[in-house]
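Take a look at the structure below.
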There are 2 protein chains.
Amino acid sequence: MPGWSKTWTFFFMFVLMEKLIKDSKAASEYLSHISLDCAVFCFQGGQLKVLLLKSRKRQQWMLPGGFVRQDEDVKDAAHRALKERSGAQKVFLQEFAVFGSPARTKGNKDLFDAHAWLGQRFISIGFYALVNYLSVTLVADHLSEACEWCSVDHLPEMALDHKDILNQALESLRQHLNFKPIGYNLLQEEFTMPELQRLYETILGKKLHRGNFARKILSFNILEKLEEPRKGGAHKSPNLYRFNHENYKAALENGFQQMFN
Amino acid sequence: MPGWSKTWTFFFMFVLMEKLIKDSKAASEYLSHISLDCAVFCFQGGQLKVLLLKSRKRQQWMLPGGFVRQDEDVKDAAHRALKERSGAQKVFLQEFAVFGSPARTKGNKDLFDAHAWLGQRFISIGFYALVNYLSVTLVADHLSEACEWCSVDHLPEMALDHKDILNQALESLRQHLNFKPIGYNLLQEEFTMPELQRLYETILGKKLHRGNFARKILSFNILEKLEEPRKGGAHKSPNLYRFNHENYKAALENGFQQMFN
DNA sequence: ACAAAAGTGTTGTTTTTACACCCATGA
DNA sequence: TCATGGGTGTAAAAACAACACTTTTGT
C-alpha cells in the first residue's frame, strides 16, 4: 500500500484497536502478563488460618489475587485486591516471591474460559497479608461462590500452583517472625500472654516453655501491661498486653537477635 | 460500520498490528512492562564486589538487567541476561524483591530515548547472583561502554533506583547467610580458612574471632580438609578446604541454627 | 627472624533449658 | 476444688567471647 501514509495507517489502527479494547476492558485497565496472589493470614481459635476462595467454574480453592492497573504501584494493587475481598484497609502486606514459570498458568484457559484475557500467561507476585480476624468481613467475588478462612493444618486441594505459593508464604512467615511485625498484625490490639505464645508456637510449629517465653518476651520491653485483665472467661482473668509501638519498631529494625528458634 | 463483520474487523486489525510489531522487535519478543535487574556479587581481594555497567548515553552506572521472553521462565531470563554479560553459566541466582512503583522508571524515556520500547513503565524483579571471580569474563553490552567489578564499599552514583535495588540485595545477602549456599558460591571450589572468615566478616560487616570462628564452622562438619595446602604464598602455606556438599546442603535445609550473628 | 596460618587450652560470662514451686481467681 | 493464668527461683548444660600460648612453614 504505497499510497497510504504512515499517519493514515496509524489512524486506522487506533480506530480498530479502540474497538478491541472495548471488547476487553481488562486489556486497557491492567498491565498484561502480571498478576498478584495474596496469602491472607489471620489467627483465630489458636489456629493460623488463610483466606481461600472457591472458584465457581471449577469448584477449586484459590488464593485471592488481582491485577496491576496501568499506572498503579504493585503494592497498591495488592491492597486494592485485598480491600475488595475482605473490606480490610491498611493491612500489613509483604511481598515474598515471584512465580514466573510459563507453565504455571497453562491451566488458566480452562479455568477462566469465559474471559479471554485471563487465558494469557501470568507472572505472579506473591504477597502475604496479616489481618485481624475481627476487623474483616469476607466478600466473595463474582468468579467465586465461597470465601472462607481455612486452617493451614487442613488445606484442601488448590487450583494451579496456589498450594505451592501458600507453602512458600508460610515458610517466609516463619523466617520473618523475628524481623517483621507479625505478632502485632495478627493479634488484636490487646491480647494475653497465652495468646501471644500460641501464635509463636503455631508459626514455629513447636511448643515453647511457658515461663521462659514470658520472661524472654518481656525482657525486650516491647509489651505494655494494661491495668485491667480480660473478664468473662471461664477461669482466671488473664492480663492484657499491647505492643509498645516505639520499642517494637526499634527492636525489629535490627531484627530480634535470636528471639525464638 | 454495520456491514463489516466482526471477522473482517479482526482480519484487518491483525494485518495492521503485524506491521506495528515488526517496527518493534522487542515488543513481540519480550513481555511488556516486566524487567529484571541483577546484583551480581563476587568476592575478590578480600572485598565484596558487584558488577556494574556504565550507560553509554548518560554516563551513569547501572545494574545489569534484562527482559523476559514471551514463553520464558523469569529465572531463565535472569540466567540468560547474566550469561550475556559475564559468560557465566549455572550461576547461583536468588530472587529477593520486586520493584513495582510506577514512578521508578519515569527517567527511562530520557535514559533510553533511542528505543521507544524502553520508555514504558517497568516492574522489575530483583535478583542477586553469586559468581566465582575467576570463572567470569565481563562483556559490556551495546548500550554500555564499560562493565566492571566495583567494591560495595565505594559505590558510584547510579541510575534510576539501582542503588536502592543494590542495597536491598546486600541486606538480603546478609539475612540469607545462614540459609543459602553463599559461601559455596562466592569462593573457589578450594579455599582457606582465612578466606572463608574474611567473606563472613565482609558480609556481616564486623570482625569475628579467629579461633572461635574456625572451631565453630568446623563443628558443623560441612568442610573437608584437603591433603595439600596452597603453595606459593609469601608465608606459611594455609590449609585448603572444600565444602562437603551433602552435609552443607543438609545443614542449610534447617538453616544454620544461629551460626554467626 | 618474621609474618601468616593453624591448633588448642582456659576462663569467665551469658544464654538456654528444664523443673519446681507459689499465688490468684472465676465458675 | 479445679483448671487456667501468672510470677519467680534456681541449677545444670550449652554456647559465647576473649586471651594466651604453641607450632608450622615459606621467604
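Convention: sequence-line order gives letters A, B, ...; per-chain numbering from 1.
Rounding to whole angstrom units, CE of residue A:Met193 and P of D:dT8 are separated by 11 Å. One atom, CZ of A:Phe191, and another, P of D:dG5, lie 15 Å apart when rounded to the nearest Å. In this structure, the CG atom of A:Leu196 is 15 Å from the C1' atom of D:dG6, given to the nearest Å. A:Gln197 has its CD atom 10 Å from the P atom of D:dG5, to the nearest Å. Remark: P of D:dA14 and NZ of B:Lys216 are 16 Å apart, rounded to the nearest angstrom. If you take NE2 of B:His235 and P of C:dA4, they are 5 Å apart, rounded to a whole angstrom. What separates CZ of A:Phe213 from P of C:dT15 is a distance of 18 Å, to the nearest Å. Atom CG of B:Asn239 and atom C1' of C:dA4 are 12 Å apart (whole Å).
Using a 4.0 Å heavy-atom cutoff across all strands shown, B:Tyr241 reaches sugar-phosphate atoms only and no base atom. Residue B:Lys207 is classed as having no contact, given no heavy-atom separation below 4.0 Å to the nucleic acid.
Which of D:dA18, C:dA4, C:dT25 sits closest to the side chain of A:Lys236 comes down to C:dT25.
Applying the side chain to side chain donor-acceptor pair (under 3.5 Å) rule to B:Gln94 yields the partners B:Lys180; only residues at least two apart in sequence or on another chain are considered. Every residue two or more places apart in sequence or in another chain was checked for a ring-ring contact (aromatic ring centres under 6.0 Å, His included) with B:His209, and none qualifies. Residues meeting the side chain to side chain donor-acceptor pair (under 3.5 Å) test with B:Asn185, sequence neighbours left out: none. The ring-ring contact (aromatic ring centres under 6.0 Å, His included) search around A:His176 returns A:Tyr128, not counting sequence neighbours.
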Show me, pair by pair, the donor-acceptor contacts under 3.5 angstrom made by side chains of residues 156-164 of chain B, not counting sequence neighbours?
unit_1: B:Asp161; atom_1: OD1; unit_2: B:Arg104; atom_2: NH2; d: 3.3
unit_1: B:Asp161; atom_1: OD2; unit_2: B:Arg104; atom_2: NE; d: 2.7
unit_1: B:His162; atom_1: ND1; unit_2: B:Leu63; atom_2: N; d: 3.0
unit_1: B:Lys163; atom_1: NZ; unit_2: B:Pro156; atom_2: O; d: 3.0

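The base of C:dA18 sits within donor-acceptor range of the side chain of A:Asn212, with an N or O pair under 3.5 Å.
Between B:Phe41 atom CZ and B:Leu166 atom CG the span is 5.5 Å, to the nearest 0.5 Å.
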Check: protein-nucleotides 20-22 of chain C nitrogen or oxygen pairs below 3.5 Å:
none

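Applying the 4.0 Å criterion to OP1 and OP2 of C:dG7, one finds that B:Lys225 has a side-chain N or O inside that range.
For the pair A:Lys225/A:Leu218, no side-chain contact is recorded, criterion being any heavy-atom separation below 4.5 Å from C-beta on.
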